[in-house]
2 protein chains.
Amino acid sequence: MAPPSKPEKSAERKRGSGAQYVYNILRNEIIDLTLEPGRPIDEIQLSERLQMSRTPIREALVRLAGEGLVTTLPNRSTVVTNIDFLNLHPFFDAITLMYRVTTRLAADAHKASDLEVIRARQAEFAEAVMAQDALSMIATNREFHAAIAAAGRNHYYEALCLRLLDEGRRILRLYYSSFDDRLPREYVDEHEGLIAAIEARDIARADELASAHADQIVAQIRTMISRDTRHKIPL
Amino acid sequence: MAPPSKPEKSAERKRGSGAQYVYNILRNEIIDLTLEPGRPIDEIQLSERLQMSRTPIREALVRLAGEGLVTTLPNRSTVVTNIDFLNLHPFFDAITLMYRVTTRLAADAHKASDLEVIRARQAEFAEAVMAQDALSMIATNREFHAAIAAAGRNHYYEALCLRLLDEGRRILRLYYSSFDDRLPREYVDEHEGLIAAIEARDIARADELASAHADQIVAQIRTMISRDTRHKIPL
DNA sequence: CGCACAAATCGTGTCGACACAGAAAATACA
DNA sequence: TGTATTTTCTGTGTCGACACGATTTGTGCG
C-alpha cells in the first residue's frame, strides 16, 4: 500500500515523459495486482502521490483504458478492470492461438539476433524458477514469449500476444501468491523445446510444442481456479 | 478539404461527449483518407475547427495513437500513420487468420439474433454493390465482418479484427478511388456462403469459405498494388 | 419510522494560459 | 555564395481553475 518510491518533489524528469512515467507505474501496479481489480482510481489522489498535474495522469488512464487495463465509468470514476473469471474461455482460446502463431512465425522468420534475445529471456526465466521466485517467474515468462512474438515480426500478433500475456500475468499473480508456490521445472524444459524448434526452423514442431505449452498453462490455471472455487464455497 | 459540418458555436453537446465526438470525427476522416497518411494534425487548428479546447482533442489523439491510426512524434507533432506498403504481408497474414477464426467462432457460438444482424449488414453490403458505390461497399463490408466477429463472442479476436478491418478500409479506399471502380458481385455471393455455413454451424466449411474469401481479397489488393507500382515507375 | 425531496459534496470533463523543445528564419562569418 | 550560429516562431506538454454530473448527506412531510 505504501508508495513504491517517493518521486522527487518536482522536476528532475524530462519534458514529455510525464504521461509515460505515470503509465508505466500504473501499468505495473495493475499487473502486479498492487492495484486490485475493481479498485477506483482517483485522479486527484494520484496527482498528489506522483507530484504532477492531472493532465498527464488522465493521458495515462486513457491509454490504459485503450488496452483494457482500466475501465472508465463516464462522469464517475475509472476503475481497475476486473478479471472476469466467467469469461476465461475466450482468453484461453486466444492465448493458445497466439502462442501457436507467434512461435510458428518465429520459427519461420527469426534472425540470429532474435535467438540471442530469446535465450537471454529463457536464462532469466530459468533463474527465477531455480530461485523459486513465483513473481519473477511470471514476469520473465512474459518476456520470454514476448521475445518470441517479436521474432515473428508481425505487429498485429505481437500486440495481441502482449496484451494476453499481461492479462495472464494478472491471473497467475492472483493464484500463485495465494496458493501453492511450487514452480514446475517442466516449464523450463518446454521453453527449451520451443527454442530448439525455432532454431531448427521446424514450423510444425514449433506449432505443436507451443500448443502443448499453452494447453499445459491453461490446464494449470484451470486447476487453480477450481481449487479456488472450492475454497470460496466451503461446505 | 471543407469541414464536413460546422459544429455549433458552442454547447449543444452533452458533457463527457467531447472527446468521443472528436475521436469519431478524426477516426472517420483518417479511415476515409480525408486526412491523408503522413499529414500532421495540428491540435490548435483542430480545436478551432471543432470549437473546443485542446484537452478533449488530445484525449482523442491519444486513443487513436493507441489504435495505431496516428503516430505521435514527441514534442513535435502527431501525424496520420502512414500505410506501410512494404510490410503488407503481416497484414494479409493477420486478416486471413482473423477472418477464419471469427467465422469459425461465429459458426460455433452464434445466436439467432446475431444472424439477424449479420443478414442486415449483408443486405446493406449487397445494396452498395448494386449501386456500384465503392465507398459504401468498403464501409458495409467492414460492418459485415464486424458483425460476424461480434457473433463469435471473443473480445480479443474481435478487437484485432476490427483494427485490421479499419486498416483494410484505408488501403481499399486508396485503390478503389484511384483505379477501377468495378465492384465484383462475387463478394456478395461469398458473403452469402459464409452466412449459410455459420447458420448451419458447419465450422469446417465456415473456415474454408472465410479462408478463400480472405485469399481473394488479398489477391485483389495485391493486383491493385502491382498495378500501382507499375504506374509509379513509368518506363 | 420511512420516504420523497433538497442541499452539499465529491470527482470528473473542459477550459485558458504558460513553459519548454524542436524547427525555421535570420544573421554573422569565411 | 555557402556554412555555422543565433534568434524567432510554431506547437506540444503541463498546469491550475472552474463547471457540471452523480452520489451522498441532510431535511421535511406523511
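The chains referred to below are lettered A, B, ... by the order of the sequence lines, with proteins before strands, and numbering in each begins at 1.
When the C1' atom of dT12(C) is taken as reference, atom CZ of Arg76(A) falls 12 Å away, rounded to whole Å. One atom, CD of Glu43(B), and another, C1' of dA17(C), lie 15 Å apart when rounded to the nearest Å. The distance from atom CG of Asn75(B) to atom P of dG11(D) is 14 Å, rounded to the nearest whole Å. Rounded to a whole Å, the CG atom of Leu50(A) is 11 Å from the P atom of dC15(D). Ile57(B) places its CD1 atom 16 Å from the P atom of dG13(C), with the value rounded to the nearest Å. What separates CD of Glu59(A) from P of dG13(D) is a distance of 7 Å, to the nearest Å. For the pair Glu48(B) CD and dT10(D) C1', the computed distance is 13 Å after rounding to whole Å.
Residue Asp93(B) comes nearest to Tyr157(A) through the heavy atom pair O-OH, 3.2 Å, listed as atom of the first residue, atom of the second, then distance.
In the interface, the side chain of Arg54(B) is not paired with the base of dG11(D) through any donor and acceptor atom under 3.5 Å apart.
Closest approach to the Ile44(A) side chain among dT12(D), dC15(D), dG11(C) is made by dG11(C) (side chain taken as heavy atoms from C-beta onward). Minimum atom distance to the side chain of Ser53(B) is reached by dC15(C), of the listed dG13(C), dA21(C), dC15(C).
For Glu124(B) and Arg121(B), the salt-bridge test passes: some basic side-chain N is under 4.0 Å from an acidic carboxylate O.
Here Ile41(B) lies in heavy-atom contact (under 4.0 Å) with sugar-phosphate atoms only.
Using a 30° and 60° split on the angle between ring planes, His191(B) and His145(B) fall in the perpendicular class, above 60°.
At least one side-chain heavy atom of His155(B) sits less than 4.5 Å from a side-chain heavy atom of Glu158(B).
Under 4.0 angstrom from either OP1 or OP2 of dG13(D) there lies at least one side-chain N or O belonging to Arg58(B).
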